[in-house]
Amino acid sequence: MVLIDNAAYSFGHFVGNGIPILSFFDDWNDKELLYLTTYLESIHNAENFKQANAEAFQLENLSKKELQEYQAKKFIEQLKQYFKRREFI
């Protein structure tokens, strides 16, 4: 089972199965799904998906609070990028 979500804390007890992805904000130049495809292709033959995922994201080392902080920081960065593209910043 693979979980793909823009909220890393939503992986709950299945952090090892989680693949974080950035949120989509109406940006037609967004390449997150391409990055996700590349990542999935790179691990599809992995003997142990959870191990490959752990090495890539290291989410299992974060506590629930840290996962929420990670998500909040990621969200703030996404908002900055969104507004920058629209020349608000």
Side-chain angles (χ1 to χ4, degrees):
M1 169 179 62
V2 175
L3 304 169
I4 300 169
D5 204 310
N6 65 333
Y9 59 84
S10 68
F11 303 144
H13 295 291
F14 303 102
V15 172
N17 296 47
I19 298 174
I21 191 167
L22 296 176
S23 299
F24 177 76
F25 285 108
D26 192 34
D27 177 7
W28 297 108
N29 294 314
D30 184 287
K31 297 192 182 336
E32 282 302 304
L33 291 179
L34 293 174
Y35 301 148
L36 176 63
T37 301
T38 301
Y39 175 69
L40 291 173
E41 288 173 346
S42 75
I43 64 166
H44 86 280
N45 285 326
E47 207 171 293
N48 185 333
F49 162 74
K50 288 184 181 183
Q51 182 179 350
N53 214 35
E55 290 171 8
F57 300 110
Q58 302 176 1
L59 295 177
E60 71 283 346
N61 295 328
L62 301 175
S63 68
K64 187 173 182 176
K65 181 181 177 194
E66 289 170 321
L67 282 172
Q68 290 172 338
E69 290 172 0
Y70 168 82
Q71 180 61 29
K73 288 176 186 175
K74 190 170 74 168
F75 180 73
I76 289 168
E77 185 57 36
Q78 290 172 335
L79 284 177
K80 285 180 184 177
Q81 291 173 12
Y82 174 79
F83 288 118
K84 190 179 234 181
R85 284 190 302 271
R86 283 157 178 71
E87 300 179 4
F88 292 118
I89 296 178

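It should be emphasised that the depicted structure is a prediction, and the values quoted were computed from it without experimental measurement. One-based numbering along the sequence shown.
Legend: residues meeting side-chain hydrogen bond (donor to acceptor under 3.5 Å, both in side chains) with S10, ordered by chain and number and at least two apart, are D5.
Looking at every heavy atom in both residues, S23 comes nearest to D30 through O-OD2, 4.1 Å. The nearest pair of heavy atoms linking K50 to N17 is CE-OD1, 2.9 Å. Pairing each heavy atom of W28 with each of D26, the nearest pair is NE1-OD1, 3.6 Å.
Atom CD in E32 sits 4.0 Å away from atom CG in L22 (nearest 0.5 Å). For the atom pair CD1 of I4 and CG of L33, the computed distance is 9.0 Å after rounding to the nearest 0.5 Å. Of the inter-residue distances, the one linking L3 atom CG with I21 atom CD1 reads 13.0 Å to the nearest 0.5 angstrom.
Residue pairs meeting the ring-ring contact (aromatic ring centres under 6.0 Å, His included) criterion with at least one member in residues 35-61, sequence neighbours excluded: Y39-F57.
Using a 4.5 Å heavy-atom threshold, the side chains of N53 and I19 count as touching.
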